[in-house]
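A short worksheet on the structure shown next.
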2 protein chains.
Amino acid sequence: MTTAADSKDEARLGLRRRRVTLHDLAKVAGVDPSTVSRVLNGDRTLVVKDETRRRILDAVEELQYVPNAMARGLRRQRSQMIGLLVPDIANPFFPEIILGAERVFSEAGYRLLLGNTSEDPEKEHAYVELLRSNVVEGLMLATAFTQDETVEELTRLGVPYVLVNRAHAGTSNYVVVDDRVASRGTADYLVGLGHRRIAHVSGPLYTETGLARLRGYREGLRAAGIEYREEYVIEGDFKEASGARAIERLLKLDEPPTALLAANDLLALGAMGACRSLGVRVPQDLSIAGFNDVPFCSMVTPALTSVRVPRLEMGMASARRLLDLLSGSDALQSPIVLGTELVVRDSTAPPSR
Amino acid sequence: MTTAADSKDEARLGLRRRRVTLHDLAKVAGVDPSTVSRVLNGDRTLVVKDETRRRILDAVEELQYVPNAMARGLRRQRSQMIGLLVPDIANPFFPEIILGAERVFSEAGYRLLLGNTSEDPEKEHAYVELLRSNVVEGLMLATAFTQDETVEELTRLGVPYVLVNRAHAGTSNYVVVDDRVASRGTADYLVGLGHRRIAHVSGPLYTETGLARLRGYREGLRAAGIEYREEYVIEGDFKEASGARAIERLLKLDEPPTALLAANDLLALGAMGACRSLGVRVPQDLSIAGFNDVPFCSMVTPALTSVRVPRLEMGMASARRLLDLLSGSDALQSPIVLGTELVVRDSTAPPSR
DNA sequence: CTGAAGTAGAAAAACGTTTGTGCCAGGAAA
DNA sequence: TTTCCTGGCACAAACGTTTTTCTACTTCAG
């Protein structure tokens with residue numbers, strides 16, 4: 001038997017067992033490979049005798065056959081993979097998004113290729129090439145820092161993609177929260193506590209997210225009839241250090257704020273840290289509110305008031321939208337806007353004066 | 001021209017532009033596809049005239065050619081992808097491991113397929129099938145909960161894999177830290193502070209990690225001549241809630257401990273939370289030390305003393321080992337053991353009595 | 001008895017690469 | 001002049017599927 005000889009060869013050569021293919025299967029079952037393929041794929045157009053079908057299935061079991069994904073992909077022109085790009089996996093905002101996406105995709109028989117762009121346009125571009133090389137069928141861009149250029153290239157290529165937590169004029173395939181409204185809500189809450197001197201440390205103002213949260217802040221102040229003060233708004237970069245720097249500047253003002261609305265939790269955390277070293281008590285001397293409600297919000301002391309962003313749902317909704325796109329349902333869908341919720345914890349209180 | 005007709009068809013039918021293949025390229029450059037392939041792959045065995053080479057490269061530029069990864073993979077029998085399995089991406093222990101792995105892999109021209117097993121054997125098995133279906137060339141298992149069964153199946157299949165943060169008798173392809181020694185170090189430190197009544201909340205004792213950390217704890221006590229007390233050791237499950245439960249039981253003892261060595265940071269955090277609600281001050285009434293030094297350790301108050309585990313390096317080292325395996329360097333390598341470091345923060349202090 | 005319609009499956013052509021081999025020209029060696 | 005290289009490329013066979021087309025055998029109506 002060839003099989004016996006082969007396995008001896010393999011043993012002698014220390015080679016990995018040759019993969020069992022459709023042909024091996026067909027030989028064992030005494031039919032043509034095409035028939036095997038049809039049986040395994042449940043093709044209804046052609047008829048196969050029960051007895052033949054059984055022989056085939058037995059052979060599959062016996063040989064432990066697993067189809068070769070690349071051959072199948074090549075033939076079907078589908079890789080059953082999607083790419084998910086994040087700027088920084090270590091940022092606590094992203095893991096749950098990934099989790100949600102993975103859940104939806106794996107349920108739909110898709111696999112997740114994860115790319116960490118480190119906000120590097122080169123890497124971002126490299127991942128777009130994956131699309132052109134048919135490695136992935138679609139792309140999920142989960143980053144506020146995505147280059148406009150990238151988005152436009154994707155649109156031009158006419159390939160399926162969806163933006164996560166970032167809107168874009170050229171498409172309606174994105175999943176976001178209403179940053180402006182949520183930010184406005186937090187501002188309203190701080191006003192409601194009695195604060196009048198409310199500062200804002202923003203995100204980078206070249207990001208939609210950063211801008212929208214700033215707008216919400218201003219709206220809240222205006223609605224309360226509070227005058228906008230230039231010196232109360234400091235642009236940060238969504239990272240801890242810039243939150244600390246901001247609070248140091250703010251506390252040096254003649255009229256320091258009694259509350260700080262930070263554009264994300266890391267900024268808030270940085271601010272809290274700086275307060276601690278400056279001897280400023282939170283929330284007695286300064287209320288601080290964050291944004292995103294990442295897991296550490298409830299772990300720090302005082303626990304951080306923040307805006308809950310449904311990250312898991314965000315990942316799932318984006319994934320589902322991408323699957324819709326892939327299945328070619330051409331029904332033009334509108335963007336998905338998920339709801340937020342202000343989670344009040346211990347870092348905010350009425351002003352003490 | 002066919003091209004003109006084709007593009008009209010595409011426009012009319014609203015079809016995606018047909019992918020440009022090696023054949024198109026060959027036609028434009030006036031050579032055989034095989035020649036194009038050789039030029040693009042820098043094949044040195046065959047000679048190509050400079051002029052021909054230039055024509056080909058021009059055509060590549062003109063047509064924006066990108067090779068089809070599935071066709072190439074099918075032919076070369078390599079997918080240039082590896083799978084990384086984690087039990088829970090949202091667990092702060094894993095993102096940095098993923099980050100390290102992604103960095104190494106993407107540098108080496110490999111892509112990362114991420115799987116979240118949720119500690120579900122079914123899903124785990126599904127990802128092993130990816131190996132058999134040639135979707136991935138190798139597997140990185142980053143989970144203490146990996147089924148022994150899975151590891152043995154991988155070994156039996158003779159496929160490349162590496163275990164992250166988990167040892168296994170049947171292989172030497174794993175990257176770990178010396179949990180026993182590190183845990184011992186923390187115990188020594190607590191003893192050095194003057195503690196004699198030191199408790200331990202362990203991980204699940206069916207995990208290597210949990211066991212090793214317990215062993216280190218016992219060793220530390222023994223070396224200090226401190227008697228081992230059954231009631232001071234409580235088995236947890238690496239999650240916050242069980243840390244809280246443990247501390248509640250421990251504080252009810254006639255002689256409550258003055259220090260707690262937790263088998264990971266989440267347990268420590270849970271314990272800290274329980275202490276706060278019980279009015280027990282940390283570190284004055286109870287010192288708490290964690291393990292892993294995940295990011296939130298420095299964010300909580302009091303900041304948590306913990307054992308730094310080089311997660312980034314762990315991911316990178318594992319990835320590199322897997323690449324070694326893939327390149328078939330049969331040099332039998334020994335397991336990789338990375339160093340740890342005790343990071344002393346505010347949650348530990350000498351006992352007050 | 002003949003042709004039409006099923007039925008059950010085989011043949012073969014893709015999918016887009018890579019790679020072993022073959023072929024032809026032109027120059028060097030005999 | 002013939003023989004041998006060898007540079008420069010083309011040919012064709014893979015890789016393992018899926019899918020369209022084709023064939024042969026039944027069965028059944030007319």
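Letters go in sequence order (proteins before strands), and every chain restarts at 1.
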Next item on the list: Return the angle between end axes of the helix from dC1(C)-dG30(D) to dA30(C)-dT1(D), with five pairs used per end and rounding to 10°.
Entry: 70°

Note to self: Quick test of your reading: applying salt bridge (Lys or Arg N to Asp or Glu O under 4.0 Å), list the pairs with at least one residue in residues 98-108 of chain B, sequence neighbours left out, ordered by first then second residue.
What the structure shows: Lys123(A)-Glu102(B)

Next item on the list: With sequence neighbours excluded, tell me which residues meet side-chain contact (heavy atoms from CB on, under 4.5 Å) with Pro121(B).
Entry: Gln147(B)

Checklist line | salt bridge (Lys or Arg N to Asp or Glu O under 4.0 Å) pairs, two or more places apart, involving residues 23-37 of chain A | finding: Arg18(A)-Asp24(A)

Check: Quick one: side-chain contact (heavy atoms from CB on, under 4.5 Å) partners of Val28(B), sequence neighbours excluded?
Finding: Ala59(B), Glu62(B), Leu63(B)

Next item on the list: Name all residues meeting the side-chain hydrogen bond (donor to acceptor under 3.5 Å, both in side chains) criterion together with Asp120(B); count only those two or more places apart in sequence or in a different chain, and write none if there are none.
Entry: none

Next item on the list: List for me each residue that meets side-chain hydrogen bond (donor to acceptor under 3.5 Å, both in side chains) alongside Glu51(B), sequence neighbours excluded, and say none if there are none.
Entry: Arg55(B)

Notebook entry, point to check: dA10(D) P sits how many Å from Lys49(B) NZ, rounded?
Noted result: 10 Å

Scan the side chains in residues 69-80 of chain B for donor-acceptor partners under 3.5 Å anywhere in the protein, sequence neighbours excluded, and list what turns up.
| from | atom 1 | to | atom 2 | distance (Å) |
| --- | --- | --- | --- | --- |
| Arg76(B) | NH2 | Asn41(B) | OD1 | 3.0 |
| Arg78(B) | NH2 | Tyr110(B) | OH | 2.6 |
| Arg78(B) | NH2 | Glu137(B) | OE1 | 3.0 |
| Ser79(B) | OG | Met81(B) | N | 3.3 |
| Ser79(B) | OG | Val135(B) | O | 2.8 |
| Gln80(B) | NE2 | Gly109(B) | O | 3.2 |

Notebook entry, point to check: Rounded to the nearest Å, what distance is computed from the CG atom of residue Asp50(B) to the P atom of nucleotide dG8(D)?
Noted result: 9 Å

Next item on the list: Output all residues satisfying side-chain hydrogen bond (donor to acceptor under 3.5 Å, both in side chains) with Thr155(A), sequence neighbours left out; order by chain, then residue number.
Entry: Tyr161(A)

Review item, nucleotides 23-26 of chain C N/O atoms under 3.5 Å of protein N/O:
none

Margin query: Does dA8(C) have OP1 or OP2 under 4.0 Å away from a side-chain N or O of Thr52(A)?
Written below: no

Checklist line | Set of residues satisfying side-chain hydrogen bond (donor to acceptor under 3.5 Å, both in side chains) with respect to Asn173(B), sequence neighbours excluded | finding: Arg321(B)

Note to self: Output one letter per nucleotide in nucleotides 15-24 of chain D: B when a protein non-hydrogen atom lies under 4.0 Å from the base, S when only the sugar-phosphate is that close, - when neither is.
What the structure shows: BBBBBB----

Check: Does a side chain donor of either Thr117(A) or Glu124(A) reach within less than 3.5 Å of an acceptor in the other side chain?
Finding: no

